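Here the structure comes first, spelled out in structure tokens, and everything after it is commentary.
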2 protein chains.
Amino acid sequence: MTQTASSQATSGTELAAAEKPDVVAAVHATADRARTASRRMARANRAWKDKALLEIADALVAKRDLVLRANRKDVEAGRENGTSKALLDRLSLNPQRIDSLANALRDLAALPDPVGTVMRGQTLPNGLRLRQIHVPMGVVAAIYEARPNVTVDIAGLALKSGNAVILRGGSAAAQTNVALIGIIRDALDQAGLPADAVQSVDEYGRDGANALMQARGRIDVLIPRGGRELIQTVVNNAKVPVIETGEGNVHIYLDESADTQMAIDILLNAKTQRPSVCNTVETLLLHSGAEASREVLRSLAEAGVRLHTDQRATQLLPEGAAAAPATDEDWAQEYMDLDLAVGVVDSMDDALEHIRRWTTGHTEAIITNNLANAERFIAEIDSAAVIVNASTRFTDGGELGLGAEVGISTQKMHARGPMGLRELTTTKWIVQGDGQVRG
Amino acid sequence: MTQTASSQATSGTELAAAEKPDVVAAVHATADRARTASRRMARANRAWKDKALLEIADALVAKRDLVLRANRKDVEAGRENGTSKALLDRLSLNPQRIDSLANALRDLAALPDPVGTVMRGQTLPNGLRLRQIHVPMGVVAAIYEARPNVTVDIAGLALKSGNAVILRGGSAAAQTNVALIGIIRDALDQAGLPADAVQSVDEYGRDGANALMQARGRIDVLIPRGGRELIQTVVNNAKVPVIETGEGNVHIYLDESADTQMAIDILLNAKTQRPSVCNTVETLLLHSGAEASREVLRSLAEAGVRLHTDQRATQLLPEGAAAAPATDEDWAQEYMDLDLAVGVVDSMDDALEHIRRWTTGHTEAIITNNLANAERFIAEIDSAAVIVNASTRFTDGGELGLGAEVGISTQKMHARGPMGLRELTTTKWIVQGDGQVRG
């Protein structure tokens, strides 16, 4: 699950700066070490990789105090710099959070290995034996900010899928990341795998992040994780392949035939269970003939949701309920908070039109009992996830059975929706013959 | 199969120019029409799409003279501009070439439709029904140069996979492309599909190509096809997702245990059958203990192959055979001609090391009778295609059973190796429930 930081310690736009030759050389050297390590990682079988993940998990627990001491320094420095409370919360580790990071690695060890699985294969008429198999990407890089849990998450996912990884975790979490990466590298070494499979370029600051983005041919895929500004900066400046994760301006369309109780349950869950994440609903579109509408709005208002309503939706509000008038800014906005834009539409056409105009292509849901409308919604909505009669909160790797996720891809190339281990692999065609030539 | 033009009518570096607001607006309007058309294309079932492909094929044959007249103007203009003979040959159509374009469309109609195929699916413990299905990308763009056959190829592939496509075919083929695209659009209209599923931005020149590259959010994937310079310019300047196709610095490693006759057959096929394409071999590495070496070099020399040999390979040449000394430029070069760099290595380690240093990640082959060496080569070579005991010329969509191909991807994201219809799709997660919410 990708959380978007509304305020950021490292501003995205500041990432793009002039190249510094010495930093570029250092980052290239890091990438070259990663490439060498990636060759050993690609040949490591699942047993080795899982052993390493369990070693890292144990080491994190054993060296918890070291991590917490480092983290305290980052948090104190952040407080002195006037870092926002939300960001400080994301930055802070405690014993329970470290335990859950270790447990996530143990869960990862229990997942199947995507490497070596055969995607398709056949024997051709000329006798050539053909297989397309999943192989590691090679060198994966991640740019993120102020969230030390991402350090462990991404390192674990990259290792399990047979890759080497280069991390740029941002200055706000610098001390914590040094401690975490040190522990991970020691554990890799203990497990007989190359420590250079996990490296950081944090010491080179923003110039290091820039050099990573430009290192075409050295970095096989770059994954930005963080706020909108960070992701846009990476997407706009990177010369290496990027997978864009994140933004979810998620819609729920309440069809005329929607069941009232189901609608209330889904809306409350989709808006209030964890409003700060990307799969939370941001706009509710009510069919003008839907009976459920008034009850749904009443339940949302009672749950403390701040409603931003268009003129007709305002008419449906419970007596005395306050609502702000919805503007184009509301339709466009990913609140990631207890806010919800609400509009009334006269038809499914209008609902589809609205969604097409404002969606970020993450997740949209319909609540309906009309089969034709459900089918049409599935066919015509062009988003990573299309949901019928369930909460939008299910767009999540864990919930959808992928086990663990790198993020939610909102682009169409390579990975779409929750990215799991398989999405950190590429494929290789293997052709075996007995002297065949082309006629 | 991607052919690389060594001289180009449109230089790649000239593509990157300043933005012109009126051209940007026009290209955006084109992309918006493509988006609208893509929605109808995405819902068109296979029968409709195949009907359209057959209509286009028939129309190309019926209006052959119109196309040939337009093509003659382009060829004459090219001749006056001093365009190279190779490029003029690529640019020229004749009745047979038009027939084969039409037949390629008929073959495409016979291929299965990737749209709607289920990639994976399950019912989750909470009862949610989950499917990840293939859906069209949406709006595909292609930038290429002076090859009118690509116009028909890419349009056909995009339509069959349910996409709309925007073409930029370059000024050298402008008249021909106008004729071809007109025929295609009329046939689409006849078949009840939107004409705007195939559009061109050629009228906006290089500024149009630039605007395409920048149209993030409007273009789902951009495919450059052409020479190295064109592809590099697109890769370096595009803000939309790009699939890099092309360059093949292809290696064959002749292992100690290689069978002499098999080695001769494979090398002759891989080098001489069609030297101008990307899957032709460019470097031969001979194990110092391989008995086949002298005979292989003799056969290649007799076939008219110009050998560029390192010092030890020079010793293996037949009496009186001329060879140029191989330099780093030879190891790096994709000759795409009857030239071959030849080096001697003392071990498989040295061969792997050489390949890692110089490969473009397209195709590498080993000729061997040693099982362990074959397995090691498969495991350690990190290229789109790894071939054992067969010609490198098999790295081709048609040969590998994909039916038709967009190009050979040498990147690791989304598509690797021959890109067929499936690679012009993305996926969508469909989640169907009965009111499920997240706990």
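Here the structure is a predicted model, which is why all the values come from computation and not from measurement. Each chain gets a letter, A, B and so on, in the order its sequence line appears, and its residues count up from 1.
- Here B:Arg39 does not pair with A:Glu380 in a salt bridge; the nearest charged N to carboxylate O distance is not below 4.0 Å.
- Interface residue B:Ala385: backbone and side-chain heavy atoms are both found under 4.5 Å from chain A.
- For B:Arg416, the parts sitting under 4.5 Å from any heavy atom of chain A are the backbone and the side chain alike.
- For B:Arg422, the part lying near chain A is the side chain, with the backbone staying farther off; criterion is any non-hydrogen pair under 4.5 Å.
- Residue contact with chain A, scored on non-hydrogen atoms closer than 4.5 Å, involves the backbone of B:Ser383 exclusively.
- When each of A:Arg216, A:Gln122, A:Gln132, A:Arg43 is scored by its heavy-atom pairs under 4.5 Å with chain B, the top score falls to A:Arg216.
- Interface summary for chain A: among B:Thr425, B:Ile367, B:Leu268, B:Ile387, the most heavy-atom pairs under 4.5 angstrom belong to B:Ile387.
- Minimum heavy-atom separation, A:Val437 to B:Asn269: CB-CG, 3.4 Å.
- Residue contact with chain A, scored on non-hydrogen atoms closer than 4.5 Å, involves the side chain of B:Val135 exclusively.
- Here the shortest heavy-atom pairing between A:Trp429 and B:Pro418 reads NE1-CD, 3.9 Å.
- Counting heavy atoms from C-beta outward, A:Leu402 and B:Arg120 have side chains that approach closer than 4.5 Å.
- Looking at A:Gln273, the atoms closer than 4.5 Å to chain B (heavy atoms on both sides) all sit in the side chain, from C-beta outward.
- No part of B:Asp259 comes within reach of chain A, as not one of its non-hydrogen atoms sits under 4.5 angstrom from that chain.
- If you take CZ on B:Arg438 and CZ on A:Arg274, they are separated by 7.5 Å, rounding to the nearest 0.5 Å.
- Neither the backbone nor the side chain of B:Gln261 has a heavy atom closer than 4.5 Å to any heavy atom of chain A.
- Contacts of B:Gln214 with chain A are absent, with no heavy-atom separation under 4.5 Å from either backbone or side chain.
- A donor-acceptor distance shorter than 3.5 angstrom exists from the side chain of B:Lys428 to the backbone of A:Ile381, with no hydrogens or angles considered.
- When each of B:Asn369, B:Asn236, B:Ile133, B:Val221 is checked for heavy-atom pairs under 4.5 Å with chain A, B:Asn236 comes out on top.
- Distance check, rounded to the nearest 0.5 Å: CZ of B:Phe394 to CG of A:Leu124 gives 8.5 Å.
- Both the backbone and the side chain of B:Glu399 come within less than 4.5 Å of a heavy atom in chain A.
- Using a 4.5 Å cut-off on side-chain heavy atoms (C-beta onward), B:Lys412 and A:His414 make no contact.
- Only the side chain of A:Leu130 comes within contact range of chain B, with at least one heavy atom under 4.5 Å from a heavy atom of that chain.
- Atoms CD and CZ, from B:Gln436 and A:Arg393 in turn, are 15.0 Å apart once rounded to the nearest 0.5 Å.
- Note: B:Met413 leads B:Met413, B:Gln432, B:Met262 in heavy-atom pairs under 4.5 Å with chain A.
- Contacts between A:Ile430 and chain B at a heavy-atom distance below 4.5 Å involve backbone atoms as well as side-chain atoms.
- For B:Arg129, no part lies under 4.5 angstrom from a heavy atom of chain A.
- Chain A forms more heavy-atom pairs under 4.5 Å with one residue of B:Asp382, B:Leu128, B:Thr392 than with any other, namely B:Leu128.
- The residue from A:Val388, A:Val386, A:Leu400 that alone fulfils the side-chain contact (heavy atoms from CB on, under 4.5 Å) condition with B:Val431 is A:Leu400.
- Taking each heavy atom of B:Arg131 and A:Ile378 in turn, the nearest pair found is NH2-CD1, 4.4 Å.
- Of all heavy-atom pairs between A:Ala390 and B:Gly433, the closest is CB-CA, 4.5 Å.
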